Amino acid sequence: MIRRAAYVLAALLVVAPLLWAAIRHVREDAAWDLVRAAATAHERTGYTGRAAWRHGKWGWSVAVTHDAESGWTRYGWGWGAYTVQGPSSRNPDPAAWCLDLGALEKSYRAREEQPTRFLDRSARTVVLEPRHEARPWLRLTLDAETMLPLQVASHRPDGSLYRVAAFREVEIGAQSVEAPTRQRHHQRWFGNRVDGPGLDEALGFHALVPDWLPPGFRCIESRVSTAWSTPKAIMVFSDGVTAFEISQRTVPTPAQLEAAMVRRHGPRRGARMAEKMLNDRLRALAQGGDADALCRRHKFGMHTSYELRVGEREVRMTAREDLDGEEVLRVLRSLRPR
């Protein structure tokens, strides 16, 4: 009898960890189903309301309307408004929390928490925990019916809350947003997507790319904009949630800069702006040379922009505070021609 009980206990000790691993795997798969639905909810769901970032304190709210059928999203505040294709991560729109689903699945683990309510709607909660050190962890509050993200809270590794994107009011259902009449101008400023060797061909020079990236990061998008005095490459890197941009172009000559400013602002104002830029910006850039001798560092909101000159190229890296200064410098030090 004792021997039989010992056999049963031994079997349980062997099987129990396997059963727990299987249950945990099933639960994580179910949580990832929610995450994938949340990342693509805007493709199926229209919404309108007001949303805001909280970064220390709640900022002003932005009116947002998204039309799932056309894919356009309109953002408005006060007297200003503009329309873009899809939700924009540069605005307080919780639906824009996921920058790249493939990178996200390699960089984070998912688990579902207890159901809750948000804005008097039934909601489900998913937590994304980073697989790599020093990355933020996220709590997603999703509309239970459509999986549309209603609130996305980001936490530092120590658990402290430092950023929230949330709807302050929302109506979910069919909406209508028309394409902007000045889309051609906006597209030219934003740039056209270019992949692979076509990037160097569109630029006219070999783009610099980082040899080192923070764990989990990869290039998710490359664009070329011709709205500047010389063609500009814009490369976006992300681990699915956190992102940074590296933009670069050849340093414009005074004649190129003046022609671009005159074309954009008219003869008198353009000439004055070109002269000021030459005196301030390009003179400072000319003194640079590597990532340890950064010429300029700008901070605006949650983003910090680092600007330097590498040979005949003007390089800018714009990163959110999810990346610390040492990581930024390591990326910049590793820049090499493609």
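Positions are given from 1, in the same order as the sequence printed here. Values in this document were obtained by computation on a predicted structure and should not be read as measured data.
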Would you please test Y108 and R135 for side chain to side chain contact (heavy atoms under 4.5 Å, CB included) and show each step? CA-CA 10 Å; Y108 284 82; R135 297 275 78 83; 4.1 Å; yes
Distance in Å, E112 CD paired with L140 CG, rounded so as to fall on 0.5 Å steps: 11.0 Å
Determine the minimum heavy-atom distance between W137 and E129, stating which atoms define it. CB-CA, 4.2 Å
For L34 and L142, work out which heavy atoms get closest and say how close. O-CD1, 4.0 Å
Do M235 and I220 come close enough that some side-chain heavy atom pair is under 4.5 Å? no
Rounded to the nearest 0.5 Å, the CD1 atom of I172 sits from the OG1 atom of T48 at a distance of 11.0 Å
Ring geometry between Y47 and F167 (parallel below 30°, tilted from 30 to 60°, perpendicular above 60°): perpendicular
Are W97 and V127 linked, directly or through other ILVMFWY residues, by side chains that come within less than 4.5 angstrom of each other? no
Answer yes or no: does atom CG of D120 have more than 12 heavy-atom neighbours from other residues, nucleotides or ligands under 6.0 Å? no
Do V315 and V224 share a hydrophobic cluster (ILVMFWY, side-chain heavy atoms under 4.5 Å, transitive)? yes
Common cluster, M317/L199, ILVMFWY with side-chain heavy-atom separation under 4.5 Å: yes
Are R218 and S238 close enough, and set up right, to give a side-chain hydrogen bond (donor to acceptor under 3.5 Å, both in side chains), and what steps lead you there? CA-CA 6 Å; R218 69 182 188 183; S238 177; over 6 Å; no
Which atom names give the shortest non-hydrogen contact between H42 and P87, and what distance separates them? CD2-CD, 3.4 Å
How far apart are the closest heavy atoms of R36 and E105, and which atoms are they? NE-OE2, 2.9 Å
Are T40 and R44 close enough that a side-chain donor and a side-chain acceptor fall under 3.5 Å? yes
Does E43 have more than 12 heavy atoms from other residues, nucleotides or ligands lying within 6.0 Å of its CD? yes
Over all atoms of both residues, closest heavy-atom pair of G325 and Y306: CA-OH, 4.3 Å
Nearest 0.5 Å, what's the CZ-NE2 distance between R163 and H155? 11.0 Å
Taking it one step at a time, do E113 and R111 satisfy salt bridge (Lys or Arg N to Asp or Glu O under 4.0 Å)? CA-CA 7 Å; E113 293 190 335; R111 60 180 172 85; 3.2 Å; yes
Run the salt bridge (Lys or Arg N to Asp or Glu O under 4.0 Å) test on K232 and E245 for me, step by step, so that the C-alpha distance in whole Å, both residues' side-chain angles and the decisive distance to 0.1 Å come before the verdict. CA-CA 12 Å; K232 173 183 282 191; E245 291 184 2; over 6 Å; no
Enter the distance from S61:OG to E169:CD here, rounded to the nearest 0.5 Å. 7.0 Å
Quick check: do L119 and V170 have side-chain heavy atoms less than 4.5 Å from each other? yes
Heavy-atom side-chain contact between W77 and Y82 under 4.5 Å: yes
Quick check on the hydrophobic clustering: are I246 and L208 connected, directly or via other members, by side-chain heavy-atom contacts under 4.5 Å? yes
Check step by step if side chain to side chain contact (heavy atoms under 4.5 Å, CB included) holds for R74 and E178. CA-CA 9 Å; R74 186 180 188 274; E178 295 181 359; over 6 Å; no
Report whether L335 and F244 are members of the same hydrophobic cluster (ILVMFWY, side-chain heavy atoms less than 4.5 Å apart, transitive linking). yes
If I take atom CG from residue L329 and atom CD from residue E327, how far apart are they, to the nearest 0.5 angstrom? 10.5 Å
Are V236 and R223 side-chain neighbours, meaning at least one heavy-atom pair lies under 4.5 Å? yes
Taking the side chain as every heavy atom from C-beta outward, state whether V331 and P210 have any atom pair closer than 4.5 Å. yes
Would N91 and V64 count as a side chain to side chain contact (heavy atoms under 4.5 Å, CB included) if you check the C-alpha gap in whole Å, the side-chain angles of each, and the deciding distance to 0.1 Å? CA-CA 9 Å; N91 294 278; V64 54; over 6 Å; no
Flag if over 12 foreign heavy atoms under 6.0 Å of NE2, H132: yes
Evaluate side-chain hydrogen bond (donor to acceptor under 3.5 Å, both in side chains) for S107 paired with D239, printing each intermediate quantity in order. CA-CA 6 Å; S107 301; D239 67 347; 4.8 Å; no
Looking at side-chain heavy atoms only, is the closest gap between W32 and L128 below 4.5 Å? yes
Test T116 against R121 for side chain to side chain contact (heavy atoms under 4.5 Å, CB included), laying out the working first. CA-CA 9 Å; T116 184; R121 303 180 69 92; over 6 Å; no
Ignoring hydrogens and angles, state whether a donor on the side chain of D93 or Y75 is under 3.5 Å from an acceptor on the partner side chain. yes
Flag side-chain contact, heavy atom, 4.5 Å: D322 against Y162: yes
Tell me, do P215 and R131 make a side-chain contact under 4.5 Å, heavy atoms counted? no
Mind checking the CG-CZ spacing from L323 to R330? Nearest 0.5 Å is all I need. 13.0 Å
Exercise: identify the closest heavy-atom pair between T141 and F118: CG2-CB, 3.9 Å
